[in-house]
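Structure record follows, encoded as structure tokens.
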Amino acid sequence: MAKEKINFEDEQVRSNYRHTTSHIMAQAVKKLWPDTKLAIGPAIENGFYYDFDMEHKLEPNDLLKIQKEMKKIIQANYPLERFELPRNEAIKFMADKGEDYKVELIEDLPEDATISFYQQGDFVDLCAGPHMESTGQIKAVKLQSIAGAYWRGDSDRKMLQRIYGTCFPSQAELDEYIAKLEEAKKRDHRKIGKEMDLFALYDEGPGFPFFMPKGMIVRNELESFWKEEHRRRGYEEIKTPLILNEQLWRTSGHWDHYKDNMYFTKIDDEDYAVKPMNCPGSILVYKRRLWSYRDLPLRYAELGQVHRHELSGALHGLMRVRTFVQDDAHIFMLPEQTKDEVIGVIQLFDDLYKLFNLPYHIELSTMPEDHMGTLEEWTAAETALKEAIETVGVDYVINEGDGAFYGPKLDFHLEDSLGRTWQCGTIQLDMQMPQRFDISYVGPDGEKHRPLMIHRAAFGSVERFIGILIEHFAGKFPLWLAPVQVRLMTVTEKFTPYAEEVGKIFEEAGIRVECDVRNEKIGYKIRQARNERVPYMCIIGENEVEAGNLTVRNGKTGDQIEMKPEELKEKLLEEIETKAL
């Protein structure tokens, strides 16, 4: 009878598969180093890990030994058998085995708890499950790395040794995944950013990125495009201060719900905070006058710099920083305008992401435990978001309990060229801050009413979005974003006058051009231009000067063709104008 194929698309099946593999790894480690004490070994995204307390100092070569032992366990096809014990018996059972960490975990459970275990061969582990039916169902495994991890994440507790691994139902799927990881390493935005001289991170400011001249070109082009798109769609641009007083943050709720992530200072003996979000400032802009219902909706867009205290261990290039520019907008509207405004934002996001060939999916995040407002208010807000997204006809999933403290939200998860997802865009519907700041408008009845408010960001963070684009395009930006759009490279210095003449043609057309007339070999110049991801490289030698041509090499395709300078200029201008990929 044929075995049923494993449905690895099913989230629960994936979790069972990875968790079972972590148990197999733990069994292999105990076989090789019997005195090892087991801590925890969960399934995680893309794999699993297990934490061990052992005298032996693990080295990369040990991973191959463990994999070899795991293969034997898989081939033995042990069934995974569950059994349960009362709490006191479970404690004694683990204590007799010398598993101190398991004893501690059980002792934290209620007195009347029944404790479950899973056994495979002679190996037993404390576990709630579920698992696969047998070890033989695991097909392809790779142990990837070793790291240190404090027991229970507490730096005052013992440092354990953690082994990370991944697994798939077939060797082909594992090979494909490993290939993607290798490609991701090549595309690492920190590596490419250095090669292209776009940005840097220094010890003098951990988490505070420095943008170099070429990085600023990318940034300015992106922000200019953003401003134009928002102007066309009825947004007005504003700018609010970086530092505002403590009372404002108490009123907004950030003091109670976000204080641990904020930076503070004193001015004239009064307490101030560096803004972690732009919304309170935008509300003050709204409050400068009394509005009529005829004035709404008001759409305020702001490229606002914010600061958030991230732990040093969480910092990662441009992807996780302590200061960034959030491409915010806040929409103040009548309740009956909510659906149309949300639809308008979804359509804006759709246009932006399609420009970069970034497919996406949407998650609706609902009321968290730590929230402001009543259940009725949250239900109404969540319903409004559902109706808007269903009208647009885009699929979405529910992300229970992950809303902002002031309202539910739609999160847009972008998929890059390697199939990785990044949460960027967000649309948050807020019924709380309008109340807390007591903002209003005059309705058709001449009375004051409370507007609703949308918080939204398309890129999320300009810095992070640039990092995503670097990796998505492997540094080979669309021409309109490229810091250097064309580089003219002379075979020898004697062709400098022609290169400068051609360069002037491009400069006057607004094309970003560089002339490399150094006394270096042309092969070296080409390699350097390729390493800097220059889209168009033009070689100038004797033949080109005599014919009034350029030998043009396409940095993306590697194709090479002879072109007149004016012909190339027109081609580049069209590519820039259409923002072609």
Side-chain angles (χ1 to χ4, degrees), residues 207-208 238-291 298-311 314 321-333 335 365-382 401-409 426-441 448-457 460-461:
F208 301 96
I238 63 171
K239 187 172 182 61
T240 62
L242 194 63
I243 299 174
L244 295 163
N245 71 19
E246 177 190 312
Q247 185 53 51
L248 178 83
W249 302 106
R250 288 188 181 276
T251 302
S252 70
H254 288 90
W255 188 268
D256 295 326
H257 298 271
Y258 206 75
K259 183 168 57 178
D260 292 344
N261 294 91
M262 294 170 66
Y263 296 104
F264 301 93
T265 187
K266 275 189 179 290
I267 302 174
D268 297 333
D269 295 325
E270 290 188 20
D271 293 321
Y272 283 74
V274 181
K275 67 176 177 180
M277 297 179 189
N278 298 304
C279 35
S282 192
I283 292 173
L284 294 183
V285 171
Y286 178 89
K287 286 191 74 170
R288 74 188 188 276
R289 53 167 284 194
L290 184 61
W291 302 95
L298 287 171
R299 306 183 188 100
Y300 293 141
E302 178 176 14
L303 289 166
Q305 186 163 12
V306 298
H307 288 72
R308 298 179 184 178
H309 180 233
E310 299 283 357
L311 296 176
V321 292
R322 287 172 168 159
T323 184
F324 57 92
V325 169
Q326 197 165 35
D327 66 316
D328 257 332
H330 297 95
I331 302 172
F332 300 89
M333 61 202 172
S365 297
T366 58
M367 185 175 72
E369 287 186 23
D370 180 17
H371 67 273
M372 297 190 299
T374 65
L375 178 61
E376 290 75 18
E377 289 169 335
W378 276 83
T379 300
E382 289 169 11
D402 200 42
F405 65 83
Y406 46 75
K409 59 179 180 172
T426 187
I427 304 172
Q428 301 171 357
L429 187 54
D430 188 354
M431 297 180 174
Q432 308 307 321
M433 283 203 194
Q435 292 181 30
R436 293 177 74 95
F437 281 91
D438 191 27
I439 62 173
S440 59
Y441 64 89
K448 287 185 178 181
H449 299 271
R450 190 83 66 207
L452 295 185
M453 182 178 178
I454 287 174
H455 308 245
R456 46 112 299 193
S461 152

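In this text, all values refer to a predicted model and were calculated from it rather than measured experimentally.
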Quick check: does any side chain N or O of [X] sit under 3.5 Å from a backbone N or O of [Y], one acting as donor and the other as acceptor?
| X | Y | answer |
| --- | --- | --- |
| R322 | E310 | yes |
| D327 | L303 | no |
| T366 | G401 | yes |
| R436 | T251 | yes |
| W249 | L244 | yes |
| S282 | C279 | no |
| Y286 | S440 | yes |

Given side chains that start at C-beta, do those of [X] and [Y] come closer than 4.5 Å, heavy atoms only?
| X | Y | answer |
| --- | --- | --- |
| R308 | M277 | yes |
| E246 | F264 | no |
| F437 | P280 | yes |
| R450 | D438 | yes |
| H330 | D430 | no |
| H455 | M433 | yes |

Which atom names give the shortest non-hydrogen contact between [X] and [Y], and what distance separates them?
| X | Y | result |
| --- | --- | --- |
| D260 | H309 | O-ND1, 3.9 Å |
| G373 | Q432 | CA-OE1, 3.2 Å |
| Y441 | P335 | OH-CD, 3.8 Å |
| Y300 | R288 | OH-NH1, 3.1 Å |
| M262 | A273 | CE-CB, 3.6 Å |
| S365 | G403 | CB-N, 3.6 Å |

Next item on the list: Look at the aromatic rings of Y263 and F208 and report parallel, tilted or perpendicular, splitting at 30° and 60°.
Entry: tilted
Gap separating the [atom1] atom of [X] from the [atom2] atom of [Y], nearest 0.5 angstrom:
| X | Y | atom1 | atom2 | value |
| --- | --- | --- | --- | --- |
| F332 | L298 | CZ | CG | 8.0 Å |
| H254 | N261 | NE2 | CG | 10.5 Å |
| M431 | E376 | CE | CD | 11.5 Å |
| D271 | Q247 | CG | CD | 11.0 Å |
| N278 | I283 | CG | CD1 | 11.5 Å |
| I454 | T426 | CD1 | OG1 | 11.0 Å |

Next item on the list: For the pair K409 and I427, evaluate side chain to side chain contact (heavy atoms under 4.5 Å, CB included) and give the outcome as yes or no after the intermediate values.
Entry: CA-CA 5 Å; K409 59 179 180 172; I427 304 172; over 6 Å; no
Checklist line | Over 12 non-hydrogen atoms of neighbours within 6.0 angstrom of NZ in K239 | finding: no
Item checked: Step-by-step side chain to side chain contact (heavy atoms under 4.5 Å, CB included) determination, V274 to T323 -> CA-CA 10 Å; V274 181; T323 184; over 6 Å; no
Notebook entry, point to check: Residues two or more places apart in sequence or in another chain: which of them pass salt bridge (charged side-chain N to carboxylate O under 4.0 Å, His left out) with E377?
Noted result: none
Note to self: Looking at D328 and R456, is there a salt bridge between them, counting it only when a charged N and a carboxylate O are closer than 4.0 Å?
What the structure shows: no
Notebook entry, point to check: Looking just at side-chain N and O atoms, do E302 and T240 make a donor-acceptor pair shorter than 3.5 Å?
Noted result: yes
Check: Mind checking what makes side-chain hydrogen bond (donor to acceptor under 3.5 Å, both in side chains) contact with H371, not counting sequence neighbours?
Finding: none
